Participant: 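Please see the structure below; I have some questions.
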Amino acid sequence: MITALEQYDPQIYELIRQEAARQSGSIRLIPSENYVSRAVMLASGSCLTNKYAEGYPGRRYYEGQQVTDLIERMAQQRATKLFKADHANVQPYSGSVANLAAYLALAKPGDTIMGLALPHGGHLTHGWCVSITGKMFNSVQYTVNPDTGRFDFDQIEKLAKKHKPKIIISGATAYPREIDFEVFGQIAKSVGAYHVSDIAHIAGLVVAGIHKSPVAYSDIVSTTTHKTLRGPRGGMLLCKNEHSQNVDKAVFPGLQGGPHLHTITAVAVAMAEADTPEFIAYAKQIVKNAKALAEKLLEYGFNLISGGTDNHLILIDLRNKNVPGKKLAKALDRARIVTNYNTIPNDPAPPFNPSGLRIGTPAITTRGMKEEQAEQIADFINEVVENIDNESAIEQVGKEVLLLCSQFPVPDHFIIPNKNNGI
Ligand SMILES: *Cc1c(COP(=O)(O)O)cnc(C)c1O
């Protein structure tokens, strides 16, 4: 297919080639990113992209569903087995749509929802003001304790009692600690609220049993499929049987049209991969690598929000280093280390130039890197911080990064399609 692409659209082919080179020749530390397997890539680029299948298996609005029904059922079965859930909806196009569908399954526009504020590590779709979720619902936002960087359950409970939300959302996009979903579930129950947990970032850690699953304590669990779960880009909802019809109706016809069957096919492949001892070992190594990276950064005098990490990500408070997050992220990118600048709790700096940097280990762990390499990456980050205005020092780090990348190539079965491997 790529060979055909080279022939018919050499401009796009060349850009894909450049992006593949960037992905293999850089240390990718954005905690929401990963490398999918060749099998996932093939399923995702398959002929299933050609098929319309509005509705659900056995109840479609178009004919020709002999195969698609089998695929979607297989994806649903793999999801309910992997997450030990009653029901799975595998159609959401992304985590954002999955969240909106979860809210619409349990509440009406104008109802009160309560989630973690974006600048404190929450996701846009947890009711932040610029998101539709903050506009169409009456959104109440809780924060983390700025001193500890952790949830303050007394504050959350007080807010819940005061505002009596219809839904309490747990989960985060920049929270380095294990989340106690059971407590969120108890608080929700105590005020008569539904509990929606969002495990977009940590789904891989949950299926590997490293972090406690929220399934038992949630009315609906929302996730992406492409972060630590290492599948194609997509979203998924898991729920108890009592909510299954509302969830399905909220996704289709509530929010979406035809499901992306090529993505659902690839999600099914990724879930089979995640249901293996190899994946459990992978997920354990993600956390080991994050802890090793965090320890080394602490030795270099970096301040980490919450003092460290329990998961795949680290949030660095850069104020004591006198380097703004954006400036550091851009310098690191020139040194082939790809990160994102991020707000820290109660950030005194503006959101477009915040005081934090967010990094994570899912992608480097897929390349087979271990604690030793994680520590080496901390050395590189420190080197760039110390030489933030010295372009030749930054260039030197970039050369060392390239060497490390060549020692840990993207494994063969994780290779990015190009004309040499014929796909
Ligand atoms: C990434 C993320 C999402 C959104 O996923 P998209 O696929 O980018 O729409 C939702 N919730 C959380 C907590 C996330 O981290």
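These numbers come from a predicted model, not from an experiment. Ligands are counted one by one from 1 in listed order, and the atoms in each one are counted from 1 as well.
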Participant: Does F279 have its ring centroid less than 6.0 Å away from the ring centroid of Y282?
Facilitator: yes

Participant: Using only heavy-atom distances, determine whether the side chains of Q65 and E72 contain a donor-acceptor pair under 3.5 Å.
Facilitator: no

Participant: For H312, which residues count as a side chain to side chain donor-acceptor pair (under 3.5 Å) partner, sequence neighbours excluded?
Facilitator: H201

Participant: Do I316 and N303 have side-chain heavy atoms sitting under 4.5 Å apart?
Facilitator: no

Participant: Looking only at the side chains, is there a donor atom on one of R230 and T366 sitting less than 3.5 Å from an acceptor on the other?
Facilitator: yes

Participant: For T133 and Y103: C-alpha separation, side-chain torsions, deciding distance, then whether side chain to side chain contact (heavy atoms under 4.5 Å, CB included) applies.
Facilitator: CA-CA 9 Å; T133 58; Y103 309 157; 3.7 Å; yes

Participant: Distances under 3.5 Å, N/O of ligand 1 against N/O of the protein: list each pair and its distance.
Facilitator:
unit_1: ligand 1; atom_1: 7 (O); unit_2: G95; atom_2: N; d: 3.0
unit_1: ligand 1; atom_1: 9 (O); unit_2: S94; atom_2: OG; d: 3.1
unit_1: ligand 1; atom_1: 9 (O); unit_2: G95; atom_2: N; d: 3.4
unit_1: ligand 1; atom_1: 9 (O); unit_2: S96; atom_2: N; d: 2.9
unit_1: ligand 1; atom_1: 9 (O); unit_2: S96; atom_2: OG; d: 2.6
unit_1: ligand 1; atom_1: 11 (N); unit_2: D198; atom_2: OD2; d: 2.6
unit_1: ligand 1; atom_1: 15 (O); unit_2: T173; atom_2: OG1; d: 2.9
unit_1: ligand 1; atom_1: 15 (O); unit_2: H201; atom_2: NE2; d: 3.4
unit_1: ligand 1; atom_1: 15 (O); unit_2: K227; atom_2: NZ; d: 2.8

